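The next block holds one structure in the form of structure tokens; read it before the comments.
Both counts, for ligands and for their atoms, begin at 1 and track the order of listing. Since we're looking at a predicted model, the values are computed, not measured. Both backbone and side-chain heavy atoms feed into the values below; hydrogens, waters and symmetry mates do not.
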Amino acid sequence: MNAYQDLVKRHEEIALLQACNALLSWDQETNLPAKGVAYRAQQRAALSEKVHELKTSEDVTRWLDACQDDSDGEASANAQWWRHAYERARKIPASMVGEFEEVTSLGLAAWQEAREKSDFALFQPHLQKIVDFNRQMADLWGYEESPYDALLEEYERGATAKNLAVLFADLKGPLVELVEAAIAKSADQPPRSLQGDYPIEAQQAFNLEVCQALGFDLDAGRIDTAAHPFCSRLAPNDTRLTTRYDLSDFTSSLFGVLHETGHGLYEQGLPQDKHALPSGTSISLGIHESQSRLWENQIGRSRAFWEHWLPVAQKHFPSLTDWTPEDVTRAVNQAERTFIRVEADEVTYDLHILLRFELEKQLIEGTLTVADLPEAWNASFKNLTNLTVPDHAHGCLQDIHWSMGALGYFPTYSLGNLNAAQLHAAALEQTPGLSDDLAQGNYASLLHWLQTNVHAHGSQLLPDELMTRATGRSTDKTPYLEHLRERYIH
Ligand code: ZN
């Protein structure tokens, strides 16, 4: 066997163990009784340890060195990907990995209490450690301009603080104006309230029908219930979606399903026989989120979607009988200023991300201290939205990400929104008759376009290359702003 085949075999072994771990984790989120959590943690840790051993054994280094000059395009892209990942991993000493795990698990517990009590002081020393750790890791990984670049690399390969700062600065001005106009319009034409009585079985039946119509293969996936909706490909041909139900508003579970279905279609569209290889794995969070946002927002909140689906919804939910597609479209596209990111509507959402990007970049670059974070947050929030943050639970303590050690993650949400609009616009441009198909509830040609231009590449193209090939240019603000203007202002 040559070195490349050895590497493939090793990663198939790793993928198999990771699939076991993913199933344990999925079960923990959906079914596991509370008293089973402690032993489950041991099971998962044992598998993680085994995976770590397989990844860090000396064979891997030797094989990677030996397949330096592989000529096959896909094999060489896979080898390059592994080399990049292993070089990064090797720069962090094992002792530091263990310490970081401890710091973040204590950080997570402290954050939960701090958020409950809205008391930043409880979280501050933990956040300090987390920021220090991230800064140290960035120094070990290395970077050209900003230490923040080294952190971004973990979630969005090729993105830099500088490029994002330009992209987001470009977006900010027009977006703030748009938010202003959209809120005024929403206030001017208040929608009907969707609050009603929606039995869980009816919601499940409707969601399933929609999910299947979008092209999700239910013989290779499922929808279950979880407190925090997510999508996870457990194994080849086994992609799990979850959602949660609000008995007084069916759109909560529906948009959760639409979002996770977008993630799930990406996972199902990846070459399943290469699931253990970079060429069969999703490329980045910003591209993954583009798939969920495209189906949730571009498609699911459009007038065309409701023209087609309202009659079906009315069969499941008799209380919608006297609603029109126009009524529903308006109700699900309300613009409003809110404090909490995860509750924000499509048009105000990115303001929350711009704020977090700016602040975490400053924390890592050392231009903002952890002690000054709450004040900086509140000032920046006031500046962006004109709202006064009432307490830290509605401000800098609301998100879980930093407590888990993730800095450099937030920008991928906005990249997802921008990419979604850009990909959707490109698909419409390149696919004759696509608008008509969508109006008739036929999503096959859109899914085919996404499979060909996004899913099939796995990790063989970096996000920027993928966007450029699919749409003719790098991620850009224009299609997104046009989409928001069209939806919220016209
Ligand atoms: Zn998502």
Side-chain angles (χ1 to χ4, degrees), residues 22 25-26 29-30 152 154-157 159 164 207 210-211 214-216 221-234 239-246 251-270 281-301 332 340-354 356-357 398-402 404 406-424 443 446-447 450-451 454-455 458-459 463 466-467 475 480 483-484:
S25 161
W26 172 85
E29 301 287 326
T30 51
L152 277 171
E154 201 68 4
Y155 310 105
E156 197 68 21
R157 267 189 74 183
L164 286 181
N207 292 346
V210 174
C211 173
L214 300 188
F216 186 74
R222 294 177 47 92
I223 309 177
D224 293 277
T225 307
H228 305 283
F230 65 93
C231 162
S232 168
R233 177 168 60 155
L234 302 188
T239 298
R240 308 292 178 98
L241 317 179
T242 63
T243 193
R244 59 181 163 210
Y245 298 89
D246 176 346
T251 62
S252 161
S253 75
L254 173 70
F255 284 109
V257 165
L258 283 166
H259 184 97
E260 301 309 334
T261 298
H263 285 303
L265 289 170
Y266 184 12
E267 290 296 337
Q268 290 190 337
L270 292 162
T281 313
S282 61
I283 173 68
S284 75
L285 293 184
I287 298 297
H288 228 307
E289 196 66 6
S290 77
Q291 301 305 289
S292 55
R293 291 304 221 176
L294 190 151
W295 292 102
E296 176 193 2
N297 289 336
Q298 252 72 25
I299 302 301
R301 292 180 197 274
V332 299
I340 303 293
R341 174 184 60 86
V342 295
E343 291 165 9
D345 53 68
E346 195 184 0
V347 73
T348 57
Y349 186 90
D350 295 284
L351 296 180
H352 295 266
I353 300 301
L354 299 187
R356 285 156 178 77
F357 165 68
Q398 66 181 272
D399 300 302
I400 194 170
H401 302 61
W402 291 341
M404 293 168 63
L407 280 93
Y409 187 121
F410 281 123
T412 66
Y413 289 118
S414 283
L415 285 173
N417 289 333
L418 295 166
N419 290 338
Q422 193 162 323
L423 289 167
H424 183 237
Y443 304 102
L446 176 58
L447 181 57
L450 292 170
Q451 283 167 341
V454 181
H455 309 173
S459 286
L466 186 150
M467 288 304 293
T475 303
Y480 187 49
H483 155 74
L484 290 177

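Among the atoms of His288, no N, O or S atom is found under 2.8 Å from the Zn ion (ligand 1). The Zn ion (ligand 1) has no N, O or S atom of Cys231 inside 2.8 Å of it.
Panel note: side chain Glu260, backbone Cys231; a donor-acceptor pair is recorded below 3.5 Å.
Nearest heavy-atom pair, Gly408 versus Leu152, reported as atom, atom and distance to 0.1 Å: O-CD2, 3.5 Å. Considering every non-hydrogen atom in both Ser253 and Thr243, the closest pair reads O-OG1, 3.1 Å.
Nearest N/O/S atom of His259 relative to the Zn ion (ligand 1): this is NE2. The atom of Glu289 that is an N, O or S and sits closest to the Zn ion (ligand 1) is OE1.
Using a 30° and 60° split on the angle between ring planes, Phe410 and His401 fall in the tilted class, from 30° to 60°.
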